Amino acid sequence: PWSGELVELQSELKQCQATSHLHKMSNLNSVHEGLGLVNWWGFTPALDLISHAQRCAETAAGADAAGGAASAPAAADDAGGSDGSEVNILLMGAGDIRHILRTVAVLRRSGSTRPVHFWISERGMELIARQMLQLALAYAPPERLGLQQKAEMFLELLGNSHVRSQTSEFLIATSIRLIELVTDPELMEKHYPLVSLKPLKFSERDDLEEVFKFWRQPSPKNFVISELWDFRLREYLKQRYDSRSNLADWDYSMKLKDYSPIVHVRHFCRWREDGIAFDIRDAPYDVPNRTLASGRVFREKRGGVEKRGYWGDIVNSPYIGLGVECEDQSFFKLRQDKFMKSSVDVAMYNMSAHIHEALTGTVYTPPRAEDDEPSSAEASESKITEVEEESAAAAPVQSPPAGADVPDGDMTAPLPNVRITMLPEKFPSEMGSKSKYRGLFDVAYFGGGMVQHLKEEGATAAFKPSATIVLEGVLHYLGLTNEQKAQFGTKVSEFATNCGAVPIGKIDGTKDSYYSFKMPPAPAE
């Protein structure tokens with residue numbers, strides 16, 4: 001007698017499940033649309049990977065000891081043991097050089113002479129080109145560019161849709177120089193020895209050259225980023241476009257503020273509106289940031305057509321990598337339950353500290369400001385007016401205009417015991433099969449868009465015994481629910497454990513910015 005009602009109930013249940021599934025799929029599609037196709041910046045705070053590997057080794061050794069299991073001894077002063085051999089660190093899909101900046105700064109100020117070799121793998125040559133530029137800017141000789149100017153320019157080029165004319169001139173001059181270097185391997189080895197392009201194919205070098213050629217144009221007609229940014233917003237928000245200011249404020253108040261309260265609502269909403277994240281100087285930011293340009297293939301009647309545009313993040317913001325954590329806790333002081341400083345101030349401090357410590361080997365001590373000095377978000381008077389500095393170290397860079405001769409000196413100041421190698425685009429699918437990468441890496445960092453490569457056959461063959469694996473989490477992805485964040489943490493943990501890696505501590509996608517694992521030690525002889 002109940003069969004008819006049961007059938008009806010089952011039908012209603014299926015409809016509810018389908019509706020719930022469609023809602024989840026719609027939510028995930030929205031997250032992907034907001035993130036874009038290109039990871040121009042990272043969504044986890046900068047991490048000192050060598051110190052992190054040490055802590056993981058100590059934690060794993062303590063857990064083994066508590067469980068009565070034999071384990072390899074934790075590293076005493078480095079990531080790969082205490083024999084003085086080079087530490088090889090793989091960065092896959094990190095998006096920028098924040099982990100390099102942090103790791104090198106801590107290594108240099110500690111006085112360690114242990115060699116470290118970073119290997120960078122990204123999905124496109126635009127990202128490799130951008131990181132070559134970031135390295136050249138951060139580690140430029142001090143006599144060429146002052147510390148404050150480096151920090152400001154770095155943040156502009158990292159996360160602003162538009163930059164100052166002075167920064168654009170620097171970009172033009174550096175692009176001209178990089179074209180010379182990538183097309184002449186001997187010149188590259190002589191004047192930019194910090195970075196190696198040897199593993200790249202000739203076609204990939206050609207791609208780098210094309211990127212730098214595009215950057216040297218002051219205002220390319222086919223890259224009007226204000227229109228491109230607005231196009232992305234319209235595509236993402238659709239009928240909600242006219243309410244975009246209220247939606248940005250909602251995302252900040254109900255989502256971002258819970259994880260990164262140091263980010264100021266005014267900064268976040270300004271970035272969501274026009275792409276300006278770091279408005280530091282009292283000067284016009286009116287030149288398109290060409291380093292944010294990339295191609296995307298569209299399907300048309302005539303076939304696939306690549307169109308250059310802005311295909312990066314328009315939802316989460318570039319503040320997370322450098323602007324939400326720092327060693328100086330005075331930046332997080334509260335007054336009347338409000339932060340006295342903002343993520344822009346934190347990012348400026350971090351950049352200044354990382355650069356200073358890497359180049360001098362000494363701890364950075366910033367000039368002390370008064371406690372009641374307004375933050376970068378509180379008043380326009382707090383912005384820095386572009387005037388001539390008396391100090392030569394802080395003087396603006398005198399970059400030649402487009403087409404002028406570029407100085408032929410070294411791209412960076414000497415960084416003893418540090419090397420950086422750019423890897424080909426096919427590296428993720430080859431790292432387990434190429435003999436030259438077998439058993440090479442002491443530490444491996446996988447960005448959120450690269451963790452699936454742990455499933456590649458034989459991928460773990462590239463890791464040394466007891467290597468540390470760090471997987472980027474999605475804690476700071478604003479469009480995801482806590483349930484989805486937890487599911488992501490569980491899923492990527494399965495990727496790692498299926499490879500034989502052991503988690504360090506409990507994995508919680510709703511609390512952790514990244515998840516850490518250790519590969520098993522070498523079998524006892």
Side-chain angles (χ1 to χ4, degrees), residues 46-57 60 72-94 97-108 110 112-122 128 131-132 135 189 193-200 358 415-447 450-451 453-454 456 458-472 496 499-501 504 514 516-522:
L47 185 63
D48 170 17
L49 290 164
I50 292 181
S51 297
H52 184 72
Q54 292 173 16
R55 291 191 295 271
C56 288
D77 49 280
D78 43 54
S82 55
D83 58 356
S85 60
E86 187 173 63
V87 181
N88 287 281
I89 300 176
L90 173 63
L91 294 166
M92 288 185 63
I97 64 168
R98 66 193 185 284
H99 301 309
I100 296 177
L101 292 171
R102 175 79 176 140
T103 303
V104 172
V106 175
L107 188 72
R108 292 274 289 132
S110 71
S112 173
T113 58
R114 183 74 183 275
V116 59
H117 191 168
F118 297 95
W119 303 75
I120 298 178
S121 172
E122 295 287 355
I128 295 294
Q131 293 181 41
M132 289 178 66
L135 290 164
E189 191 169 348
L194 176 66
V195 175
S196 172
L197 304 179
K198 290 180 180 179
L200 300 187
L415 274 180
N417 304 313
V418 177
R419 294 195 294 159
I420 299 168
T421 295
M422 303 300 181
L423 294 166
E425 288 187 57
K426 288 187 177 181
F427 169 79
S429 61
E430 298 176 342
M431 65 176 177
S433 58
K434 293 273 187 176
S435 59
K436 60 183 174 182
Y437 301 127
R438 193 172 298 276
L440 177 62
F441 301 112
D442 299 281
V443 184
Y445 182 95
F446 288 78
M450 288 286 207
V451 293
H453 290 294
L454 275 175
E456 298 283 349
T460 54
F463 307 139
K464 284 184 179 177
S466 299
T468 301
I469 300 175
V470 183
L471 307 183
E472 185 174 279
C499 295
I504 304 298
Y514 34 72
S516 303
F517 302 82
K518 291 289 287 185
M519 293 298 293

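Worth saying up front: this structure is predicted, and the values here are computed from it rather than measured.
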Peer 1: Can you list everything that forms a side-chain hydrogen bond (donor to acceptor under 3.5 Å, both in side chains) with Thr421? Sequence neighbours excluded, please.
Peer 2: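 side-chain hydrogen bond (donor to acceptor under 3.5 Å, both in side chains) check on Thr421 returns His117.
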
Peer 1: Could you tell me the separation between the CD atom of Glu430 and the OG atom of Ser121, rounded to the nearest 0.5 Å?
Peer 2: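 It comes to 10.0 Å.
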
Peer 1: What verdict does the side chain to side chain contact (heavy atoms under 4.5 Å, CB included) test give for Leu423 and Met431, after you've listed the backbone C-alpha separation in whole Å, the side-chain angles of each residue and the deciding distance to 0.1 Å?
Peer 2: CA-CA 10 Å; Leu423 294 166; Met431 65 176 177; over 6 Å; no

Peer 1: Which pair of non-hydrogen atoms, one from Arg108 and one from Pro416, has the smallest distance, and what is that distance?
Peer 2: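 What the structure gives for the nearest pair is CZ-CD, 4.1 Å.
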
Peer 1: Is there a side-chain contact between Glu456 and Pro428, using heavy atoms and a 4.5 Å cut-off?
Peer 2: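 Of all side-chain heavy-atom pairs linking Pro428 with Glu456, none is under 4.5 Å.
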
Peer 1: What distance do Phe118 atom CZ and Ser196 atom OG have between them, rounded to the nearest 0.5 Å?
Peer 2: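 With rounding to 0.5 Å, CZ (Phe118) is 15.0 Å from OG (Ser196).
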
Peer 1: Taking Leu49's backbone N and O only, do any of them form a donor-acceptor pair with Thr103's side chain (distance below 3.5 Å, no angle check)?
Peer 2: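 Flag set: sc Thr103 to bb Leu49 pair under 3.5 Å.
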
Peer 1: If you measure from CD1 on Ile469 to OH on Tyr445, what distance do you get to the nearest 0.5 Å?
Peer 2: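 One finds 13.5 Å between CD1 of Ile469 and OH of Tyr445.
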
Peer 1: Just to verify, what does Glu425 make a side-chain hydrogen bond (donor to acceptor under 3.5 Å, both in side chains) with, not counting sequence neighbours?
Peer 2: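 side-chain hydrogen bond (donor to acceptor under 3.5 Å, both in side chains) check on Glu425 returns nothing, list empty.
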
Peer 1: Of the options Ile420, Leu90, Leu91, which is the one that meets Trp119 in a side-chain contact (heavy atoms from CB on, under 4.5 Å)?
Peer 2: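 The residue from Ile420, Leu90, Leu91 that satisfies side-chain contact (heavy atoms from CB on, under 4.5 Å) with Trp119 turns out to be Leu90.
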
Peer 1: Under a 3.5 Å distance rule, please check whether Asn88 uses its side chain to pair with a backbone N or O of Asp442 as donor and acceptor.
Peer 2: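 Between the backbone of Asp442 and the side chain of Asn88 there is no qualifying donor-acceptor contact (under 3.5 Å).
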
Peer 1: Give, for atom CZ of Phe463 and atom CG of Leu454, the distance between the pair rounded to the nearest 0.5 Å.
Peer 2: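 Output value for this atom pair is 5.5 Å.
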
Peer 1: Is any side-chain heavy atom of Glu472 closer than 4.5 Å to a side-chain heavy atom of Met450?
Peer 2: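 No; the side chains remain at least 4.5 Å from each other.
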
Peer 1: How close do Ser466 and Pro521 get, heavy atom to heavy atom, and via which atoms?
Peer 2: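 Heavy atoms of Ser466 and Pro521 come nearest at OG-CA, 3.2 Å.
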
Peer 1: How close do Cys499 and Met519 get, heavy atom to heavy atom, and via which atoms?
Peer 2: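 Closest heavy-atom pair between Cys499 and Met519: O-CE, 3.7 Å.
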
Peer 1: Work out which heavy atom in Ala467 is nearest to a heavy atom in Phe441; give both atom names and the distance.
Peer 2: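 Residues Ala467 and Phe441, closest heavy atoms: CB-O, 3.5 Å.
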
Peer 1: So how far is it from Ile504 CD1 to Phe517 CZ, rounded to the nearest 0.5 Å?
Peer 2: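 Between atom CD1 of Ile504 and atom CZ of Phe517 there are 9.0 Å.
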
Peer 1: Kindly compute the distance separating CG (Leu135) from CD1 (Ile120), expressed to the nearest 0.5 Å.
Peer 2: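 Output value for this atom pair is 6.0 Å.
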
Peer 1: With a 4.5 Å limit on heavy-atom distance, are the side chains of His99 and Ile89 in contact?
Peer 2: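 With C-beta onward as the side chain, the pair stays apart.
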
Peer 1: With heavy-atom distances below 4.5 Å as the criterion, would you say the side chains of Met92 and Phe427 are in contact?
Peer 2: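 In short, these two side chains touch, coming nearer than 4.5 Å.
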
Peer 1: Please give me the minimum heavy-atom distance between Gly432 and Ala461, naming the atom from each residue.
Peer 2: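 Heavy atoms only, the tightest pair is O-CB, 3.8 Å.
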
Peer 1: Taking the side chain as every heavy atom from C-beta outward, state whether Asn417 and Leu107 have any atom pair closer than 4.5 Å.
Peer 2: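 A side-chain contact is absent here, since even the closest heavy-atom pair is not under 4.5 Å.
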
Peer 1: Tell me, do Leu440 and Lys464 make a side-chain contact under 4.5 Å, heavy atoms counted?
Peer 2: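 No, too far: nothing below the 4.5 Å cut-off.
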
Peer 1: Restricting to non-hydrogen atoms, name the atom on Ala46 and the atom on Arg102 that form the minimum distance, rounded to 0.1 Å.
Peer 2: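 That closest heavy-atom pairing would be CB-CB, 4.0 Å.
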
Peer 1: Any non-hydrogen side-chain atom of Val106 less than 4.5 Å from a side-chain atom of Ile50?
Peer 2: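 Answer no - side chains too far apart.
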
